[in-house]
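To start, the structure under review is shown below, and the notes come after it.
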Amino acid sequence: MKERTLGIIKPDGVARKLIGRVMERLEEAELRIVALKMIKLSKEQAKGFYKVHERKPFYESVTDFMSSGPCVVMVLEGKDAIEKYRTLMGATDHRKAAEGTIRRDFATDIEKNVVHGSDSKVTAEYEIGFFFSTLEIAG
Ligand code: GDP
């Protein structure tokens, strides 16, 4: 089923010049980029985005990281896009991520793991709306 999901190339991925390599993998996997922009989150915006994690011990640290530099945010569309992109990303901890995944190949740390992807349909809808208006998403 055709779905949309929210993808982010996190500040470490942008700083390490991985934008092109990440996007190449998405396009090769038939995930169509239907919206795209570069933004720098404020600390407050990062806290809003990761609100589900507000009780976790890493909340302060991950929101500092996410607001430390520009991110590329994008809406990806394709068949089973949510699951497909999660598989391409690999596990949160790059040391546990499968061979050939983005995090296995590029991440340096459990926090600085290069990419974000929505984990469910409900999350995808919320996260797409967090960054994009319907006018900004190509049909
Ligand atoms: P994801 O869905 O795979 O991105 O993982 P989560 O939703 O569980 O966590 C959100 C983000 O918080 C991760 O992508 C990491 O950047 C960061 N994170 C997760 N677990 C840890 C942790 O144990 N320590 C730190 N410092 N950061 C973490």
Side-chain angles (χ1 to χ4, degrees):
M1 209 181 89
K2 194 157 102 173
E3 279 176 348
R4 285 178 176 174
T5 190
L6 190 276
I8 304 180
I9 305 176
K10 296 183 178 183
D12 59 329
V14 173
R16 292 173 53 222
K17 303 177 186 166
L18 295 171
I19 297 172
R21 273 178 279 179
V22 170
M23 285 192 182
E24 188 175 29
R25 291 188 184 205
L26 307 181
E27 293 190 322
E28 279 172 355
E30 304 297 332
L31 285 168
R32 209 158 66 86
I33 299 166
V34 294
L36 176 69
K37 62 188 168 190
M38 183 173 267
I39 48 115
K40 185 174 181 301
L41 289 170
S42 66
K43 172 77 173 174
E44 283 312 305
Q45 289 165 332
K47 285 171 93 167
F49 180 70
Y50 272 139
K51 196 159 174 51
V52 290
H53 293 308
E54 73 185 330
R55 288 193 173 75
K56 304 268 174 65
F58 57 83
Y59 184 59
E60 274 307 312
S61 175
V62 77
T63 52
D64 277 345
F65 163 56
M66 289 299 285
S67 57
S68 67
C71 291
V72 170
V73 290
M74 52 202 163
V75 179
L76 308 173
E77 186 180 86
K79 187 169 176 297
D80 300 321
I82 297 168
E83 186 58 38
K84 185 186 251 188
Y85 178 49
R86 294 286 299 184
T87 303
L88 278 185
M89 289 199 306
T92 312
D93 182 348
H94 67 109
R95 293 165 302 183
K96 296 183 183 144
E99 296 252 352
T101 59
I102 295 169
R103 284 167 166 173
R104 173 69 172 258
D105 290 345
F106 301 123
T108 53
D109 185 284
I110 191 165
E111 183 174 279
K112 294 178 182 60
N113 57 5
V114 182
V115 280
H116 167 85
S118 312
D119 62 5
S120 69
K121 271 183 196 291
V122 172
T123 315
E125 203 167 309
Y126 169 75
E127 291 183 349
I128 290 169
F130 188 92
F131 289 108
F132 294 97
S133 76
T134 48
L135 272 176
E136 294 175 297
I137 304 174

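None of the values given here were measured: they were computed from a predicted structure.
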Quick check: does any side chain N or O of [X] sit under 3.5 Å from a backbone N or O of [Y], one acting as donor and the other as acceptor?
| X | Y | answer |
| --- | --- | --- |
| N113 | T92 | yes |
| T101 | A98 | yes |
| R21 | F106 | no |
| K40 | S67 | yes |
| E3 | A81 | yes |
| E125 | V122 | no |
| R104 | A97 | yes |
| R4 | A124 | no |
| K84 | L31 | no |

Is it true that [X] and [Y] fall in one hydrophobic cluster, defined by side-chain heavy atoms closer than 4.5 Å?
| X | Y | value |
| --- | --- | --- |
| V52 | V115 | no |
| F58 | V114 | no |
| Y126 | Y85 | no |
| L76 | I128 | no |
| F130 | V73 | yes |

Starting from the C-alpha separation in whole Å, work towards a yes-or-no answer on side chain to side chain contact (heavy atoms under 4.5 Å, CB included) for R25 and D105. CA-CA 12 Å; R25 291 188 184 205; D105 290 345; 2.8 Å; yes

Would you mind reporting whether [Y] and [X] have side-chain heavy atoms less than 4.5 Å apart?
| X | Y | answer |
| --- | --- | --- |
| K43 | E60 | yes |
| I9 | M74 | yes |
| I19 | M38 | yes |
| R86 | D119 | yes |

Within 45° cone and under 6.0 Å: K37 NZ/CZ vs F131 ring: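 Checked: cation-pi criterion not met.
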
Which atom names give the shortest non-hydrogen contact between C71 and K10, and what distance separates them? SG-CA, 4.2 Å

Reported [atom1]-to-[atom2] distance for the pair [X] and [Y], which is rounded to 0.5 angstrom:
| X | Y | atom1 | atom2 | answer |
| --- | --- | --- | --- | --- |
| I110 | R95 | CD1 | CZ | 6.5 Å |
| L36 | M23 | CG | CE | 4.5 Å |
| T123 | L6 | OG1 | CG | 10.0 Å |
| K2 | D80 | NZ | CG | 13.0 Å |
| E77 | I33 | CD | CD1 | 12.0 Å |
| T63 | Y50 | OG1 | OH | 10.0 Å |

So H116 and F49, would you call those rings parallel, tilted or perpendicular, with 30° and 60° as cut-offs? perpendicular

Quick one, I8 with M66, criterion side chain to side chain contact (heavy atoms under 4.5 Å, CB included). Give me CA distance, side-chain angles, the key distance, then yes/no. CA-CA 10 Å; I8 304 180; M66 289 299 285; 4.3 Å; yes

